[in-house]
Amino acid sequence: MAAPADHPLISVIVPVKDEEEAIAPFVARMTVVLDALRDTDGSSVAWEILFVDDGSSDATLPAIMAANLRDPRIIAVSLSRNFGKEAALSAGLDNVRGATVVPIDVDMQDPPEVIGAMLDQWRQGYEVVYGVRRNRSTDSLPKRLTADLYYRAHNWMSEDKIPEHAGDFRLLDRRVVEVIRAMPERNRFMKGLFAWGGFRQTAVEYDRAERTVGGTKFNYIKLWKLAIDGLTSASTAPLRIWSYIGFGIAALAMVYALFLIARTILYGVDVAGYASMMVAVLFLGGVQLLSLGILGEYVGRILIEAKGRPIYVIRERIGQAGERD
Ligand code: UDP
Ligand code: MG
C-alpha cells in the first residue's frame, strides 16, 4: 500500500455534509481513477484525497475514518460546525500539499475520469483547467433557468467573468491555490475568486450525471444567498446604479415640475391630483427602500469582513492532514 506522499502530484478536495452513504462508493471509484493516472515517464503518480467534513450530523466522519484506515492517502479535516461549501473548500485548499489540486463533489455528478484529461491540459501549461458541463439535463428546468440567468447577470455586472456551466470541479496549479489562499476576504465565493485569479485557463467538457446517493444539499434559499454573495463580492454595480436611477428620476421630476408650474400659471390652482401624488410618493418610497436594502447588503458584508473572524474552524484532523504554509 502506498504511503502518504509529502508532495503528491494531485490533491483531491471533497467537501462533504451529511454524505455517509456517498463516501465509500466515491473512494472506490476515485481511487481507481487516481491509481490509473500515469506520469510522463509512465510511472504511477502520488495522490491524496482530502475530505472536508462540513459539520455533518450523520456517520460521515466514521465513514471517512474507515477509509483512512484502509488507505492512509485518504485524509480529512473535520470542521467544528457547518460553515458552508465555500468555506469548506477554503479549508481544503489550506490543508493539501499537491502540485495540482482538484475540488470535486462527493456525489460523483462530475465524473472523476475527467481528471486525466485535466492533467494533460495542465502539462500543456494551463494553470486552471475547469470542467464545463456539456449538458445540464440532470438539473431541473427551474434550476437550469435560474443558473443561466445568474451567470448572465454576474458576467454582465462583473469585470471577472466566470465561465458558464462550470462548477467547482476543476484542476488548479499550486500557484493558483496560493493566490486564492492569500485572499483575505471572509466571503468566499469560490468561482468568483478563481475568476479573479486569472492565469492561463482552459476547459474540459464532460457530461454531468445524476446524483447517485443522497439528495442535494442546496435548496433555492441557499442558492439565492450564494448568488447574492457572488454578485456583491464581484461587483459594485448594484451600488453605483442608484446614482443613475436617481439622476433619471430627478430629471423626470424636473420636467414634471415645469409642467405643473406652467399648468398652474395657465389654468390656476387645482386641488385634484391626489392619485398622481400618491403614485409619485409610493414609487419614490419603493425605490428608496430598494436602494437602501442594496446598500445594506454591502454594509453587512463590510461588517463581516471588518470582524475578521476565521473562515472556518477545524475540530479534528484525520490522517496526516496538517496545516501547510
Ligand atoms: N456541501 C458541503 N457543505 C454544505 C453543503 C454541501 O460541504 O453546506 C457539499 C456536499 O456534501 C457535496 C457538495 O458540497 O459534496 C455539493 O453539494 P450538492 O451535490 O448537494 O450540490 P448540487 O450538486 O445539488 O448543486
Ligand atoms: Mg451534486
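All ligand and atom numbering here is 1-based and tracks the order in the structure. Values below: every heavy atom of this structure, side chains too, minus hydrogens, waters and symmetry copies. On a predicted model such as this, the values are computed, not experimentally measured, just so you know.
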Under 2.8 Å from the Mg ion (ligand 2), the protein N, O or S atoms, given as residue and atom:
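The answer is D107 OD2, Q109 OE1.
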Look at [X] together with [Y] and state whether they make a salt bridge at an N to O cut-off of under 4.0 Å.
X: R29; Y: E113; value: yes
X: E297; Y: R301; value: yes
X: D94; Y: R181; value: yes
X: D39; Y: R123; value: yes
X: K222; Y: D229; value: no

Which bit of [X] gets closer than 4.0 Å to ligand 1, counting heavy atoms only: side chain, backbone, both or neither?
X: E19; result: side chain
X: K222; result: side chain
X: V14; result: neither

Minimal non-hydrogen separation, L37 against G116, with atom names:
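In this case the closest contact between L37 and G116 is CD2-CA, 3.6 Å.
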Closest approach of any protein heavy atom to [atom], naming residue and atom:
atom: atom 1 (N) of ligand 1; value: K17 CB, 4.0 Å
atom: atom 18 (P) of ligand 1; value: R211 NH2, 3.5 Å
atom: atom 14 (O) of ligand 1; value: K85 CD, 3.3 Å
atom: atom 19 (O) of ligand 1; value: D107 OD2, 2.5 Å
atom: atom 6 (C) of ligand 1; value: K217 CB, 3.6 Å
atom: atom 23 (O) of ligand 1; value: Q109 OE1, 2.9 Å
atom: atom 22 (P) of ligand 1; value: T216 OG1, 3.7 Å
atom: atom 17 (O) of ligand 1; value: F218 CE1, 3.7 Å

Discussion item. Are M183 and I13 linked, directly or through intermediate hydrophobic residues, by side-chain heavy-atom contacts shorter than 4.5 Å (ILVMFWY only)?
Written reply: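 As far as the 4.5 Å side-chain criterion goes, M183 and I13 are connected within one cluster.
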Practice problem: Answer yes or no: does an N/O atom from V106 fall short of 3.5 Å to an N/O atom of ligand 1? | Solution: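 The answer is yes, given that V106 and ligand 1 share an N or O pair closer than 3.5 Å.
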Does any N or O of ligand 1 fall below 3.5 Å from an N or O anywhere on P15, backbone included?
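It does: an N or O of P15 is found under 3.5 Å from an N or O of ligand 1.
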Worksheet item: Would R81 count as a cation-pi partner of F83, with NZ or CZ less than 6.0 Å from the six-membered ring centre and within 45° of the ring normal?
Response: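 Checked: cation-pi criterion met.
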[X] (side chain) donor-acceptor with [Y] (main chain) under 3.5 angstrom:
X: S291; Y: Q288; value: yes
X: D54; Y: P15; value: no
X: T60; Y: E20; value: yes

Taking 4.0 angstrom as the limit and counting only heavy atoms of N82, give me the atoms of ligand 1 inside it, by number and element.
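Heavy-atom distances to N82 below 4.0 Å select 3 (N), 4 (C), 8 (O).
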### Task
May I ask you to list the atoms of ligand 1 that are less than 4.0 angstrom from any heavy atom of D54?
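With D54 as reference, the close atoms of ligand 1 come out as 2 (C), 3 (N), 4 (C), 7 (O), 8 (O).
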Exercise for the section: Walk me through it: do D173 and Y126 pass the test side chain to side chain donor-acceptor pair (under 3.5 Å)? Expected result: CA-CA 8 Å; D173 183 85; Y126 290 100; over 6 Å; no
- Pair S11-E48, side chain to side chain donor-acceptor pair (under 3.5 Å): steps then yes or no: CA-CA 5 Å; S11 294; E48 64 184 356; 2.6 Å; yes
